[in-house]
There are 2 protein chains.
Amino acid sequence: MKQKVTLKQIAKELDVSISTVSKALKDSVEISLDTRQKVKAFAKLYNYKPNNIALSLKNRKTKTIGVIIPEIVHHFFTTVIGGVEKVANEKGYNVIICSSNNSFDKEVINMEMLASGSADGFILSVAKETQLKKDYHHIQETMNQGMPVVMFDRIIDEIVCDKVIIDDTKGAQMATNHLLSLGCRRIAILTTVDYISVGKLRTNGYLNALRSYDIVHDDSLILKIEDIDHCEEEIEEFLKDKDIDAVFAVNELFAVNAIKVLRNSGKNVPEEVRVVGFTDGILAKHFIPSLTVISQHGEEMGERAATILIDKLEGSDDLTEEYKTVIIDTSLVERQSTKK
Amino acid sequence: MKQKVTLKQIAKELDVSISTVSKALKDSVEISLDTRQKVKAFAKLYNYKPNNIALSLKNRKTKTIGVIIPEIVHHFFTTVIGGVEKVANEKGYNVIICSSNNSFDKEVINMEMLASGSADGFILSVAKETQLKKDYHHIQETMNQGMPVVMFDRIIDEIVCDKVIIDDTKGAQMATNHLLSLGCRRIAILTTVDYISVGKLRTNGYLNALRSYDIVHDDSLILKIEDIDHCEEEIEEFLKDKDIDAVFAVNELFAVNAIKVLRNSGKNVPEEVRVVGFTDGILAKHFIPSLTVISQHGEEMGERAATILIDKLEGSDDLTEEYKTVIIDTSLVERQSTKK
DNA sequence: TTGTAGGCGTTATCAG
DNA sequence: CTGATAACGCCTACAA
């Protein structure tokens, strides 16, 4: 079992110095054509590849991006990762992905681990627990150490850094407006508890839309779901005997469960109740009826985040004190769940 | 913007030598209690963290596992990753994930990139293209360089290494048997083209099951789908006017589309046609009717793969020439799509 | 045209 | 008890 070949070994075999080999491999004119060819042939033969670790140490950069997300088994996040990977690979960067599993502690551990030499910068969507706990020292610290951080989707207002988000409020407003424009007036919303930033914003969008139609919102039509694992029960309880003509759900799962519950109680979607969801995932596309949703364009988010991060990484270190917040457009994808 | 603190800096500040600092931080008895405390206090204050890169270089290992999968936006694979991350993190390993996007070239590039210093070993599920092309030099090479590789799910028989798979044949047989035991006799199969290893195996399982019931298989009931993006059309064309009482689909998407097509042509699932899928994902759980499927226990696969890899990484380098193939049990998850 | 030396951050060995 | 030195693999300025 042969080990990896190093410059040193090649040098010894060829009886030249290490730096000669190094230069020859870079086609430096300092080295005679003859030696160059000899070295390169030898290197190819032994399948020489420079050791990334050594390069990282020398150059004080790893050429890898750390991505930390709340859940890896989640279509939206993997879509974003797809976007990140795409531009990262184009620009010669590696991507390390860690999931915090929505745990504050795991987020901190992962971040510190990657920050101590494994990554040059971060793309981050914070854990639920972090949003609840409001403890952001780990993020602040890695930024203080000079590593750029780009947050996306679940961001933290108090932290000053680059951000890529969608306008959740506007998206929710768009969704609700769509229902209103179809004539719906008693629109229920299935949302999350307030400490989830995106849930709160989407609730606000819903309220805005109602207001713009001069409708006074009815608190009994608002369900803030605490436990996503038991959302079906919560939704069932909530929708029971409720007089509504539409549902706006802040994610796919809530939307699908709403349809299920409605159907079980004899109400058809979209004929009697229209449903709009948020996030354009697998379920939305393949469910019957297929779901009208607000698409977040996850891949684009990932691409933008990666572009910003890499620009910062490669830009002159001086003018880095500018932070931008990019807002990705959402769009309404009309499908069967709101058809006439 | 303060930079990361190094031993050197601490040493200078405290006016001691680098090695004293290093030892003090490790609580070496060589160092006086006094100095130890001083150093540690200072280190804490400046939030010193040893630089992973330097450690990697020194120790000749990175403590990270490279995972290469065909698609990141895929529930099964992310489930597996979840399992890998779980045991990796427990054992102090990092996980780098790269997707090959089912491209041979990207698989090679990613593998070489990670192999040249970024990872100590690999967990790999090969790209479609690689299976088609049958070019495995990159895998063989990284193994030759002494890096262990564990393959899972989409494996390559010709490569000798550790493997974690399910018994696809048996799983498919179980699925088909279930349909047969319910009295179905004209069972269609929606499968993939043969070069996808798992597709072929599942087809075999289907055939085995029929054989065990002394049923001669009917080629007109076998659809090998080429283009997964247009599977709905293919399925529609195929099922049109077909006299069947059950469908076995080798993945969720095929199953869901089958149900859709059947319903559109006026056949109810499960009343008139029963459907079984493979892979227990989001769709299976939430579709209406919910899908009876063969569960692959992805998380467990990931855990096993990671355990095997880490054992190999940490085991004595001598007795590494043993390779095992772990077969994870599949199980039938009964849901509505096969209910009476 | 080639080689030497120093350094990236750390640890281990050995000398003081 | 403390410190100097070498080494991990690579690169580069500066000799020779």
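What you are looking at is a predicted structure, and each value in this text was computed from that prediction instead of being measured. The analysis underlying the following values was restricted to heavy atoms, covering all of them including side chains, and did not include hydrogens, waters or symmetry mates. Throughout, protein chains are lettered first and strands after them, A, B, ... in sequence-line order, and every chain is numbered starting at 1.
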| query | Within the distance-only criterion (no hydrogens, no angle test), does the side chain of A:Lys40 pair as donor or acceptor with the backbone N or O of A:Asp27 below 3.5 angstrom? | reply | no
Give each protein N/O atom lying under 3.5 Å from an N/O atom of nucleotides 4-6 of chain C, with the pair distance.
residue	atom	partner	partner atom	Å
C:dT4	O4	A:Ser19	OG	2.9

| said: Angle between the end axes of the helix from C:dT1-D:dA16 to C:dG16-D:dC1, five pairs per end, to the nearest 10 degrees? | reply: 70°
| Sugar-phosphate only, base, or nothing, as touched by A:Leu55 at under 4.0 Å among non-hydrogen atoms | sugar-phosphate
| OP1, OP2 of C:dT1 versus side-chain N and O of A:Arg36: anything below 4.0 Å? | no
| Any donor and acceptor pair, going by atom type alone, linking the side chain of A:Thr64 with main-chain N or O of A:Ser118 inside 3.5 Å? | yes
| request: Just call it for B:Leu57: base, sugar-phosphate, or nothing, with non-hydrogen atoms closer than 4.0 Å on any strand. | output: base
| message | Just the rounded figure in Å: distance from P of C:dC8 to NZ of A:Lys63. | response | 21 Å
| query | Is a side-chain donor or acceptor of B:Asn59 paired with a backbone partner of B:Lys61 at a separation under 3.5 angstrom? | reply | no
| message | Using a 3.5 Å distance criterion without hydrogens, assess whether the side chain of A:Thr130 forms a donor-acceptor pair with backbone atoms of A:Phe104. | response | no
| query | What are the 5'-most and 3'-most nucleotides of DNA chain D lying under 4.0 Å from any heavy atom of chain B? | reply | D:dC1 to D:dG9
| field | B:Asp27 CG - C:dT11 P separation (whole Å) | value | 14 Å
| Touch class at under 4.0 angstrom, heavy-atom based, for A:Ser56 against every strand present | nothing
| Between C:dG7 (P) and A:Lys61 (NZ): distance, integer Å | 21 Å
| message | Quick check against the 3.5 Å criterion: does B:Ser56 have a side-chain atom that pairs as donor or acceptor with the backbone of B:Asn52? | response | yes
| message | Need one value for A:Ser22: base, sugar-phosphate or nothing, where a base atom within 4.0 Å counts as base even if backbone is also close, heavy atoms only. | response | base
| said: Whether the B:Asn102 and B:Arg154 side chains hold a donor-acceptor pair (N or O, under 3.5 Å, no angle test) is what I'd like checked. | reply: yes
